[in-house]
Amino acid sequence: MFKSAVVLAAVVASASAFAPSPRTFVSQRVALNAEPEWSPPEGTKWVEKDFEAEIKKLEKEAEERLDDKIAELMSNIEKTGKK
């Protein structure tokens with residue numbers, strides 16, 4: 001009898017871990033979504049940059065540097081590889 005009461009208490013305790021959360025959490029989340037839309041300060045102009053063009057330029061420069069470094073290493077291999 002005592003063993004079954006302990007088991008029942010353990011089941012109830014473990015089931016409480018899966019109980020739904022209170023609704024206050026959801027209302028806080030909705031309150032965060034209700035913030036006003038951001039706008040730049042008065043007297044300033046918002047300019048959207050084209051980051052894709054800048055990234056492509058940086059990629060091209062990095063590839064050129066990599067190719068130069070590979071050529072340098074290959075020439076070092078050719079010089080030091082001969083005995």
Side-chain angles (χ1 to χ4, degrees):
M1 176 80 175
F2 179 71
K3 189 175 183 180
S4 63
V6 170
V7 169
L8 179 63
V11 168
V12 169
S14 66
S16 67
F18 298 103
S21 64
R23 286 290 189 197
T24 57
F25 174 73
V26 175
S27 64
Q28 289 173 352
R29 225 163 146 201
V30 171
L32 290 176
N33 290 339
E35 292 180 4
E37 186 176 324
W38 181 85
S39 62
E42 288 186 33
T44 60
K45 182 181 176 187
W46 180 258
V47 179
E48 293 200 21
K49 289 183 84 176
D50 180 22
F51 289 108
E52 286 186 35
E54 191 172 334
I55 289 172
K56 286 183 182 185
K57 177 184 162 198
L58 291 172
E59 283 178 349
K60 184 178 177 185
E61 291 174 2
E63 286 175 2
E64 289 173 357
R65 287 194 314 264
L66 179 63
D67 290 340
D68 293 342
K69 190 64 174 179
I70 290 172
E72 177 188 337
L73 293 174
M74 292 298 282
S75 67
N76 287 342
I77 290 173
E78 291 172 3
K79 290 177 188 175
T80 59
K82 295 180 181 177
K83 289 187 179 184

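- Hydrophobic cluster membership of Trp38, counting Ile, Leu, Val, Met, Phe, Trp and Tyr whose side-chain heavy atoms lie under 4.5 Å apart directly or via other members: Trp46.
- For Thr44, the side-chain contact (heavy atoms from CB on, under 4.5 Å) partners at least two apart in sequence or on another chain are Pro40, Pro41.
- With sequence neighbours left out, the side-chain contact (heavy atoms from CB on, under 4.5 Å) criterion links Leu66 to Ile70.
- Taking the salt bridge (Lys or Arg N to Asp or Glu O under 4.0 Å) definition, one finds that Glu54 meets it with Lys49, sequence neighbours left out.
- Sorted by first and then second residue, the pairs that involve residues 63-72 and meet salt bridge (Lys or Arg N to Asp or Glu O under 4.0 Å), not counting sequence neighbours, are Lys69-Glu72.
- Applying the side-chain contact (heavy atoms from CB on, under 4.5 Å) criterion to Asp50, with sequence neighbours excluded, gives Glu52, Ala53.
- For Pro36, the side-chain contact (heavy atoms from CB on, under 4.5 Å) criterion is met by no residue, not counting sequence neighbours.
- Note on residues 49-69: no pairs pass ring-ring contact (aromatic ring centres under 6.0 Å, His included), not counting sequence neighbours.
- Applying the ring-ring contact (aromatic ring centres under 6.0 Å, His included) test to pairs two or more places apart or on separate chains, none has a residue in residues 61-81.
- Here Leu58 is tied to no hydrophobic group at all, with no ILVMFWY side chain closer than 4.5 Å.
- Evaluation of the salt bridge (Lys or Arg N to Asp or Glu O under 4.0 Å) rule for Lys60 yields no partner, not counting sequence neighbours.
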